[in-house]
Number of protein chains: 2
Amino acid sequence: METARGLRKTLHERGMRMTPQRQLVLDAVRELGHATPEQICGRVQQTAPTVNITTIYRTLDLLDRLGLVRHTHLGHGAPSYSVDEHQHVHLVCHVCGRIDEIPCELLDGLVGTLRARDGFELDASHLALSGTCRDCLNQETE
Amino acid sequence: METARGLRKTLHERGMRMTPQRQLVLDAVRELGHATPEQICGRVQQTAPTVNITTIYRTLDLLDRLGLVRHTHLGHGAPSYSVDEHQHVHLVCHVCGRIDEIPCELLDGLVGTLRARDGFELDASHLALSGTCRDCLNQETE
DNA sequence: ATAATTGCAAACAATTTGCATTCAG
DNA sequence: CTGAATGCAAATTGTTTGCAATTAT
């Protein structure tokens with residue numbers, strides 16, 4: 001597997017090791033798409049029941065620093081992790097909690113504005129936009 | 001004070017009461033601009049030291065539901081509360097943690113796009129946009 | 001050997017809940 | 001008197017830390 005090799009190499013360069021736990025966490029993040037540390041832990045423990053949640057946290061932190069995964073704070077509670085390739089913006093409905101994804105390119109205009117105006121480099125792949133979804137808007141009307 | 005009367009009335013209509021604690025919490029949020037429940041508690045306790053943090057949480061939740069205050073999740077940790085009138089978007093630098101504010105109007109284009117495309121009503125006053133601030137970008141270059 | 005990694009228990013921070021007491025209408 | 005609101009202690013949730021035991025090189 002592509003990224004597995006890459007990860008092994010990156011780790012080795014830094015005097016770190018590739019371990020079954022790390023592989024399992026990366027696999028779980030990839031399989032789940034979006035997941036909290038708790039959910040990732042559950043997935044990993046299906047294969048290796050003794051892996052501790054502490055290791056999940058440490059590994060997610062490591063993978064995040066290495067740029068292999070990202071996390072987003074979608075409202076309250078635990079953050080959601082996903083693999084870095086999987087880029088999109090989240091639309092979080094603060095009424096029903098529903099989460100939709102939209103392509104990052106929709107933010108290109110805003111990215112340009114902030115770059116020019118504030119020198120701020122917006123990271124569209126980290127983003128959660130909150131508001132009211134179509135369904136909840138309709139229910140208000142009814 | 002304007003909002004105090006309004007709040008008293010709103011509460012009364014719902015069979016709830018205006019209490020010193022509620023007034024103090026609203027005042028604190030207004031004075032602090034942006035603050036976590038913990039900070040708001042500290043501010044309130046300067047005046048009334050026996051007010052419990054549980055009451056702070058309950059009151060913030062109430063004021064939030066009544067639309068008098070809002071909260072934003074600026075990254076990890078506790079959310080930040082501010083009064084509803086005080087509208088702006090947050091630029092959160094994920095490198096140094098710095099938080100800047102920009103006018104909501106800069107998002108008007110995006111608001112329109114999402115409304116048309118997804119039927120999603122973006123709430124620009126709730127927003128935290130993460131990325132890299134000017135200073136941290138410059139340091140990368142150096 | 002020796003340095004990295006893990007598991008476990010305990011600490012911690014933020015928040016919520018249950019409940020008895022207090023307070024206003 | 002009755003329901004609303006508060007304070008306090010305890011429970012919960014999400015996360016981090018210290019440390020001893022394990023493992024790869």
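Naming: A, B, ... by sequence-line order, numbering from 1 per chain.
- With sequence neighbours left out, the side chain to side chain contact (heavy atoms under 4.5 Å, CB included) criterion links A:Asp61 to A:Arg65.
- In terms of position along DNA chain D, the nucleotide closest to B:Gly15 lies nearer the 5' end than the nucleotide closest to the other residue of the pair B:Thr55 and B:Gly15.
- First and last contacts of DNA chain C with chain A, using any nucleotide atom under 4.0 Å from a protein heavy atom and ordered 5' to 3', fall at C:dA3 to C:dA9.
- Partners of B:Arg134 under the side chain to side chain donor-acceptor pair (under 3.5 Å) rule, at least two apart in sequence or in another chain, do not exist in this structure.
- Residues passing the side chain to side chain contact (heavy atoms under 4.5 Å, CB included) test with A:Pro37 are A:Tyr57, A:Leu60, A:Ala78, A:Tyr81, sequence neighbours excluded.
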Q.
I'd like to compare against my own output: the B/S/- annotation of nucleotides 15-25 of chain D with a strict under-4.0 Å heavy-atom distance to protein.
A. BBBB----BB-

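- Closest heavy-atom contact between B:Met16 and B:Leu62: SD-CD1, 3.9 Å.
- Hydrophobic clustering, defined by side-chain heavy atoms of Ile, Leu, Val, Met, Phe, Trp and Tyr closer than 4.5 Å, groups B:Leu114 together with A:Val89, A:Leu91, A:Ile102, A:Leu106, A:Leu107, A:Leu110, A:Val111, A:Leu114, A:Phe120, A:Leu122, A:Leu127, A:Leu129, B:Val89, B:Leu91, B:Ile102, B:Leu106, B:Leu107, B:Leu110, B:Val111, B:Phe120, B:Leu122, B:Leu127, B:Leu129.
- Heavy atoms of B:Thr36 sit nowhere under 4.0 angstrom from any nucleic acid atom.
- The CG atom of A:Asp61 sits 18 Å away from the P atom of D:dG14 (whole-angstrom rounding).
- For B:His73, the side chain to side chain contact (heavy atoms under 4.5 Å, CB included) criterion is met by A:His76, B:His71, B:Pro79, not counting sequence neighbours.
- Computed from C1' positions of five pairs at each end, the angle between the two local axes of the helix from C:dA1-D:dT25 to C:dG25-D:dC1 equals 10°, rounded to 10 degrees.
- Other residues sharing the hydrophobic cluster of B:Val92, ordered by chain and number and joined by side-chain separations under 4.5 Å: B:Leu74, B:Ile99.
- Residues forming a side chain to side chain donor-acceptor pair (under 3.5 Å) with A:Asp118 (at least two apart in sequence, or on another chain): none.
- Put simply, CD on B:Gln21 is 17 Å from P on D:dA4, counting in whole angstrom units.
- The salt bridge (charged side-chain N to carboxylate O under 4.0 Å, His left out) contacts involving residues 102-117 of chain B comprise B:Arg115-B:Glu121, where partners must be two or more places apart or lie in separate chains.
- With sequence neighbours left out, the side chain to side chain contact (heavy atoms under 4.5 Å, CB included) criterion links B:Arg58 to B:Thr54, B:Thr55.
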